[in-house]
Amino acid sequence: MRIPKKNVAFCLSLFSPEFPAPFSSRILRFSTGFPAKIRPIHTAGFNQSNSRYSKDDSAGTILGDKASQSHLMASSNGVEGLHVWSSPEGGCKIDIGKQIFCNRSLNMKNILAVGFDMDYTLAQYKPETFESLAYEGTIRKLVYDLGYPQELLEWTFDPKYMVRGLVLDKKRGNILKMDRHKYVKVAYHGFRELSKEDKVGTYGNTLIRDSFDEPDYALIDTLFSLAEAYLFAQLVDYKDNNPGKVPEGADYSHMYKDVRAAVDLCHRDGTLKQMVAKDPKRYINEDTSIVPMFKMLRDSGRSTFLVTNSLWDYTNIVMNFLCASRTLDGSLSCNFDWLQYFDVVITGSAKPGFFQEENRANIFEVEPESGMLLNTDNGTPMPQVGSTSPEVLFKALNKSCRVFQGGNVAHLHKLLSIESSSQVLYVGDHIYGDILRSKKVLGWRTMLVVPELEREVKLLWELRDMRKQLRLLRNERDLVEDQIHHLKWSLKFESFRDDEKQKMTSALGELESQRDQARLAHQQAQRECHQKFHKIWGQLMKTGYQNSRFAHQVERFACLYTSQVSNLSLYSPDKYYRPSEDFMPHEFHILPL
């Protein structure tokens, strides 16, 4: 039985106008625009018998994407699916923007402990307020501490300009977006786009591929890095237009170093966290599903833990806000009730070093009421010498959740009685600080939080007709080019009468005119679709026809990925997450019905 064509209308490809690549006749059906090998799980309750392939519409282009049609169908039927799974209304179809997508099979029944990062994972900061606050604080440090001109204080921040996955070329003052193979597809010098010739001349003519890594490059892999990337671009333009106004000897690389130093100064003097602590609601998004998620996980028998680089005082304020501890008049009540949702809380963890077992950092127990640090014997309470109250030690021995500072992953495993690292699922937002080290070094199972994903997958659905038109335009362009190549070959290697050769030459000219028209129409449509996602950088998970560098990292290191941490509450705590079937390019022509 074949699927109606309307059900395969979105087996389309999304391309950017950045760097056109040769056409491929490969096709992946039922795709939503996710990177190759980044595969969403099947939606609970959807009739998966429809997830088959038809030979109809077999000519097309590969998305490099593995999101199934079922997700789009689940979101298109009007069911929002925002109820916690364990509630009477739970277990229904889930909106596409709230789904959890699977790269590697993960059976939650094998998971004994679920851990969370705090900043940008549990606590989603508002870019229009928090990032602006970070930007303004960095500017002040540059001016008052590092000698930059006071006119910088008049600059403003656009929180929507930069995206994750970019790379800063510190020496040249360029901002790059590249694909999974590290080919630069979009390049800007400050805010000026580089021409194709400049881009290829700088990054495409080397015999040895550049690693695009430190110390010459900076990776923009966290949401917190967006403000400093924007400021760096502003400084590049400022230096180019006002060479005498920047500090003496400050080249592009030195300016980036100054920006990083200014950011560090903001962290060290506590400016940012003091402002957030005064008014958390102004800077952090509220999420009413977080507490039900914690409760469901704990009711299912899992241990839960928090590992954050923030210290105890700030952690307590943020977690109080997220867990909605309120007084009768609605104001925030700062207490320790939120600790009931965890077995272990580790603050000041100094990730990613925390994930190294050979890390010799001492672990101290935190007394929540006073913030006092108590000595431990690798996490085990020990008698305190001196005037420490016996009552404090008694509390440390008897409370259900224990709070620590420092230590390493070996301490955590001991505290949770973890025998195998594969029994741990860790949820974080930072590819390198949270996901790569915990996955690659420890073998923990991982889930990456990608807030940008919710908007991106919804746009992929909304733009399905535009993406279909792109596929048709690309097919037309490819067909004309093939005909041109064949005619040229015939004219070069075969003998024809003069009148035949004249006709063929005339036909060749017409085909070349058609090719130029098809190319222009295709590139214009590409550019329009590209700008729907982002006016400069396009789709987060794609670069040109390839998966983006960011998507490649998600594929490699995240077992699961989703738009926000509380999406876990929409699924059974015993769910078996499975990726969709993986195909190599040669298989796309012979997919089964």
Side-chain angles (χ1 to χ4, degrees), residues 113-119 121-123 264 267-270 272-274 276-277 294 303-323 334-418 421 424 426-428 430 433-434 437-438 441-442 444:
V114 181
F116 302 91
D117 176 41
M118 186 180 75
D119 297 309
T121 300
L122 292 173
D264 291 341
H267 282 292
R268 284 207 297 271
D269 67 11
L272 298 179
K273 292 184 176 180
Q274 287 172 7
V276 175
F294 290 149
S303 298
T304 52
F305 64 92
L306 177 68
V307 178
T308 175
N309 286 351
S310 294
L311 297 178
W312 165 247
D313 53 353
Y314 184 73
T315 300
N316 188 41
I317 290 171
V318 172
M319 293 305 298
N320 263 282
F321 173 77
L322 293 174
C323 295
C334 197
N335 54 47
F336 312 113
D337 291 348
W338 63 272
L339 291 174
Q340 66 185 294
Y341 304 122
F342 295 95
D343 294 280
V344 174
V345 170
I346 295 184
T347 63
S349 61
K351 293 179 294 182
F354 177 85
F355 296 121
Q356 303 283 350
E357 289 196 13
E358 61 270 20
N359 174 16
R360 297 294 184 179
N362 291 325
I363 184 168
F364 300 94
E365 186 149 12
V366 179
E367 207 291 309
E369 287 86 351
S370 65
M372 181 187 297
L373 298 182
L374 306 176
N375 293 319
T376 69
D377 183 6
N378 289 322
T380 301
M382 58 185 297
Q384 307 295 306
V385 177
S387 60
T388 303
S389 169
E391 181 182 355
V392 171
L393 180 59
F394 177 80
K395 288 181 180 179
L397 286 167
N398 288 276
K399 58 193 175 190
S400 58
C401 174
R402 299 177 64 191
V403 182
F404 296 90
Q405 178 174 310
N408 61 35
V409 70
H411 296 131
L412 178 63
H413 284 173
K414 178 183 176 183
L415 290 165
L416 295 172
S417 301
I418 296 296
S421 57
V424 178
Y426 188 64
V427 187
H430 190 183
D434 293 321
R437 294 295 181 91
S438 60
V441 177
L442 299 177
W444 280 4

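As a basis for the values below, the full set of heavy atoms in this structure was taken, side chains included, without hydrogen atoms, waters or symmetry mates.
- Counting heavy atoms from C-beta on, the side chains of L122 and T308 never come closer than 4.5 Å.
- Between F404 and V344 the shortest side-chain heavy-atom distance falls below 4.5 Å.
- Nearest approach of P368 to V366, heavy atoms of both residues: CD-O, 3.2 Å.
- Contact check for H430 versus D117: no side-chain heavy atoms found under the 4.5 Å cut-off.
- Remark: of the listed residues N362, L416, I363, T376, I363 is the sole one forming a side chain to side chain contact (heavy atoms under 4.5 Å, CB included) with H411.
- Checking T347, V318, N309 one by one against M118, the side chain to side chain contact (heavy atoms under 4.5 Å, CB included) holds for a single residue, V318.
- Proximity of L412 to F354: side-chain heavy atoms (C-beta onward) are separated by under 4.5 Å at one or more points.
- Residue pairs meeting the salt bridge (charged side-chain N to carboxylate O under 4.0 Å, His left out) criterion with at least one member in residues 405-418, sequence neighbours excluded, do not occur.
- Of all non-hydrogen atoms in I317 and A277, the two that sit nearest each other are CD1-CB, 3.6 Å.
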Residues L306, T315; criterion side chain to side chain contact (heavy atoms under 4.5 Å, CB included); working and verdict: CA-CA 10 Å; L306 177 68; T315 300; 3.9 Å; yes
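- The backbone N or O of N316 sits less than 3.5 Å from a side-chain atom of N320, completing a donor-acceptor pair.
- With Y341 contributing its side chain and C323 its backbone, the two residues share no donor-acceptor pair below 3.5 Å.
- Between C401 and V345, the closest side-chain pair of non-hydrogen atoms falls below 4.5 Å.
- At least one side-chain heavy atom of F305 sits less than 4.5 Å from a side-chain heavy atom of V424.
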Worked check of side chain to side chain contact (heavy atoms under 4.5 Å, CB included) between F294 and Q340: CA-CA 9 Å; F294 290 149; Q340 66 185 294; over 6 Å; no
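- The salt bridge (charged side-chain N to carboxylate O under 4.0 Å, His left out) search around D269 returns K141, not counting sequence neighbours.
- In this structure, the side chains of Y314 and V276 come closer than 4.5 Å at one or more pairs of heavy atoms.
- When side chains are defined from C-beta on, N408 does not count as touching Q356, because their heavy atoms never get closer than 4.5 Å.
- Residues satisfying the side chain to side chain donor-acceptor pair (under 3.5 Å) test with S310, not counting sequence neighbours, are D119, K273.
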Hey, mind stepping through F342 and F116 against side chain to side chain contact (heavy atoms under 4.5 Å, CB included) and telling me if it holds? CA-CA 10 Å; F342 295 95; F116 302 91; 4.2 Å; yes
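- The distance from atom CE of M372 to atom CZ of F364, rounded to the nearest 0.5 Å, is 13.5 Å.
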